[in-house]
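On a predicted model such as this, the values are computed, not experimentally measured, just so you know. Count residues from 1 along the sequence. Basis for what follows: all heavy atoms, side chains included, without hydrogens, waters or symmetry-related copies.
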Amino acid sequence: MADPSSYRPKPGQIPDSPGVYKFRDEHGRVIYVGKAKSLRQRLANYFQDLAGLHPRTRTMVTTAASVEWTVVSTEVEALQLEYSWIKEFDPRFNVKYRDDKSYPYLAVTLNEEFPRVQVMRGAKKKGVRYFGPYGHAWAIRETVDLMLRVFPVRTCSAGVFKRSAQIGRPCLLGYIGKCSAPCVGRVSAEEHRELAEEFCDFMAGRTGAYLRRLERGMQEAAEEMEYERAARLRDDIGALKRAMEKSAVVLADATDADLIALAEDELEAAVQIFHVRGGRVRGQRGWVTDKVEAVTTSGLVEHALQQLYGEERGDAVPKEVLVPALPEPVEPIAQWLSERRGSQVSLRIPQRGDKKDLMVTVGRNAQQALALHKTKRASDLTTRSRALEEIAEALGLDAVPLRIECFDISHLQGDDVVASMVVFEDGLARKSEYRRFQIKTFQGQDDVRSMHEVIGRRFKRYLQEKQKSGEWTEEPPGDARVDDNGITAGTGVTAGTGATDRAGVTDASGVTDGTGRITTGITTGPGITTGPGITTGALTPPPDEPEPDPMAGRPTDEDGRPKRFAYPPQLVVVDGGAPQVAAARRALDELGIDDVAVCGLAKRLEEVWLPEDDDPVVLPRSSEGLYLLQRVRDEAHRFAITYQRSKRGKRLKASPLDAVAGLGDTRRQALLKHFGSVKKLRAATVDEICEVPGVGRKTAETVAAALAGAAPSAPAVNTATGEIMEDDGAPPAALSAERGQER
């Protein structure tokens with residue numbers, strides 16, 4: 001625990017102007033980011049008597065080892081810089097709302113020649129009109145299905161659209177009247193775009209005039225005794241009214257507004273947002289967060305606004321934002337929202353009428369979301385706590401293994417041998433810390449030797465990080481030098497910063513921060529809340545290494561983002577029996593690591609093997625501990641075999657033409673199109689190769705020389721069917737290696 005007076009700035013050193021400040025811990029990690037109208041007054045509050053500070057603030061200042069600040073011109077600039085730094089550094093003591101999923105939008109691609117209506121998630125694209133977000137994708141599809149009767153806009157993919165245009169027949173929707181079939185010329189591009197714009201106008205809330213026009217058309221058709229047309233218009237009106245009923249009118253004045261409500265207790269806060277467009281609720285979303293800093297309701301509202309609109313521009317920021325409490329001060333955040341919209345945004349608390357009543361409804365939803373979250377979390381934590389305790393008891397560990405790493409080896413009959421490392425913390429997967437290895441020291445199939453290599457490489461990196469941090473002064477055993485790329489020789493893995501995995505499990509900074517977490521029977525242990533080796537330096541993979549896992553984010557740099565091998569596990573699990581366990585234990589012993597437990601889980605009987613034990617540990621089939629070990633092992637196997645298949649697919653698709661200098665994709669495709677196959681190209685003369693458009697004599701000579709010196713390439717494989725496509729166009733042969741032979 002650090003004494004704040006040891007790093008307190010000298011009197012008069014802090015400027016009395018707006019700015020943003022960062023607290024860093026002893027390893028240089030950014031642990032808190034804040035903004036202030038006056039840096040001098042705000043930072044002085046952190047260096048008062050510790051007894052007068054809020055418990056969470058006291059924890060933060062005693063964890064920190066230094067403070068630094070950046071002066072800006074205005075409070076709006078401070079707000080923007082604070083948001084950027086929170087996104088960049090992901091500080092452990094800042095409130096960060098974590099959305100549990102990506103919300104779908106109804107999108108109309110007005111940037112295409114023939115606009116398409118579809119469900120979209122993720123980042124917004126320029127030229128696309130969005131409506132939502134919606135709680136479920138099926139709600140969008142139901143609405144679109146009703147509206148296609150009146151607005152038969154294209155909904156098919158680019159492939160289906162192109163195919164229909166080629167064969168001159170529309171898809172099924174074109175035949176049943178739910179698509180105007182622009183693919184076959186039933187309507188022109190201008191007429192189809194007009195339909196799409198009418199669809200957008202209706203979704204934007206301009207419904208009254210359109211319905212009145214349809215009703216007049218129905219009456220005129222009836223008066224002219226065109227009863228079939230009148231019936232169709234009647235059905236169209238009914239379909240549109242049913243679509244409108246799915247989003248009830250809540251504000252009579254056709255307001256565009258977002259309503260934000262909060263429910264909180266001492267430890268957590270839930271936020272709910274209703275998106276109202278044209279007076280109708282078009283979508284709903286919400287988050288739950290741990291209150292890891294001392295923050296008021298006004299502060300929570302400000303954080304929610306930053307999270308909600310930090311990446312938005314234009315109409316995505318509504319004219320009105322209704323909140324339960326105004327940020328203090330309110331002017332900078334209101335100006336920031338107006339700049340992002342491009343026009344004035346009203347940020348206020350509803351006082352009366354429909355808007356206040358709707359805010360009560362949003363608040364009720366927030367209360368229910370917080371209660372449901374607490375119920376689920378308590379149940380989940382109890383189960384995970386019991387599982388970890390059962391593992392500790394069965395393996396004879398001194399404490400529960402808060403961090404578990406599992407390793408698995410995968411290959412196909414000895415080819416493309418790879419390994420995986422998955423990480424579970426507090427019983428939950430940390431996908432941002434998953435790693436993949438290529439076996440480098442030998443060729444062929446040897447699971448025991450492969451396991452020894454991978455464990456050795458992983459923990460050599462750990463020792464190197466400890467040495468850089470100054471916690472360990474000896475040279476790492478073995479060849480643990482750093483090459484020109486900043487990669488430890490023999491590690492074969494890269495590091496990255498945190499990201500949110502697909503299952504909603506959040507990785508903040510590679511450090512499990514127990515500060516604001518409710519735990520039941522789980523205590524924080526070494527290697528979790530703090531860890532050695534938080535050093536700097538950008539890492540790039542060597543040429544023969546795989547790219548980092550996409551969920552791992554960016555490489556580390558010198559601004560406080562930690563490296564990934566700095567934290568040791570309390571338990572290493574290997575996929576296998578006694579031989580693999582012995583190999584893993586031997587690798588740790590060679591490095592002098594004796595405080596990490598090792599076990600293996602054999603697939604056949606689900607037995608747990610320990611080093612130097614002749615008999616396995618058998619956990620009951622109903623054991624939560626066994627279930628957790630199985631999940632860890634199965635995840636390692638999945639991750640390894642996915643990488644192995646990807647690596648094998650790239651090798652099988654490789655062509656001798658890939659290595660020809662100066663031959664790009666365009667000319668490579670032209671050569672293959674002209675000759676039909678690499679085999680026929682290899683048999684061609686230089687003069688014949690020169691006949692291909694764009695290929696000169698020098699390039700033709702290079703291609704001929706490269707193919708003459710290269711061994712015949714492996715036949716191409718149809719990855720969809722598993723068939724081998726012969727080079728000369730002969731009938732395909734069956735794939736000899738079935739996936740059942742994969743290890």
Establish, from distance only, whether the side-chain atoms of S623 and E390 form a donor-acceptor pair under 3.5 Å. yes
Taking only residues two or more places apart in sequence, or in another chain, which ones meet E635 in a side chain to side chain contact (heavy atoms under 4.5 Å, CB included)? V422, F424, K431, Y434, R638
When the aromatic ring centroids of Y7 and F47 are compared, is their separation below 6.0 Å? yes
Beyond-backbone contact of V632 with D634, side-chain heavy atoms, under 4.5 angstrom: no
E68 meets the salt bridge (charged side-chain N to carboxylate O under 4.0 Å, His left out) criterion, sequence neighbours left out, with K22, R24
For D265, look at atom CG and say whether over 12 heavy atoms of other residues, nucleotides or ligands are found less than 6.0 Å away. yes
Salt bridge check, E405 against R403: does any charged N sit closer than 4.0 Å to a carboxylate O? yes
Taking only residues two or more places apart in sequence or in another chain, which ones pass salt bridge (charged side-chain N to carboxylate O under 4.0 Å, His left out) with E624? R386
Quick one: list whatever passes ring pair (Phe, Tyr, Trp, His ring centres under 6.0 Å) with Y627, sequence neighbours left out. none
The criterion is salt bridge (charged side-chain N to carboxylate O under 4.0 Å, His left out); which residues satisfy it with E302, sequence neighbours excluded? K35
Has E328 got more than 12 heavy atoms of other residues, nucleotides or ligands less than 6.0 Å from its CD? no
Partners of A369 by side chain to side chain contact (heavy atoms under 4.5 Å, CB included), sequence neighbours excluded? Q272
Residues which pass side-chain hydrogen bond (donor to acceptor under 3.5 Å, both in side chains) with D49, listed by chain and number, not counting sequence neighbours: none
Salt bridge (charged side-chain N to carboxylate O under 4.0 Å, His left out) involving E264 - partner list, sequence neighbours excluded: K291
Looking at residues at least two apart in the chain, or sitting in another chain, which of them share a side chain to side chain contact (heavy atoms under 4.5 Å, CB included) with E393? none
Can R340 and Q80 be counted as having a side-chain donor-acceptor contact under 3.5 angstrom? yes
Of all residues at least two apart in sequence or in a different chain, which pass the ring pair (Phe, Tyr, Trp, His ring centres under 6.0 Å) check with Y46? Y21, F23
Could you tell me which residues satisfy side chain to side chain contact (heavy atoms under 4.5 Å, CB included) with E75, sequence neighbours excluded, listed by chain and number? K37, P329, P332
Taking it one step at a time, do F639 and F407 satisfy ring-ring contact (aromatic ring centres under 6.0 Å, His included)? CA-CA 10 Å; F639 194 55; F407 297 81; over 10 Å; no
Parallel, tilted or perpendicular, as decided by the 30° and 60° cut-offs, for the rings of Y130 and Y105: perpendicular
Name all pairs fulfilling the salt bridge (charged side-chain N to carboxylate O under 4.0 Å, His left out) condition that reach into residues 356-368, sequence neighbours left out, sorted by first residue then second. none
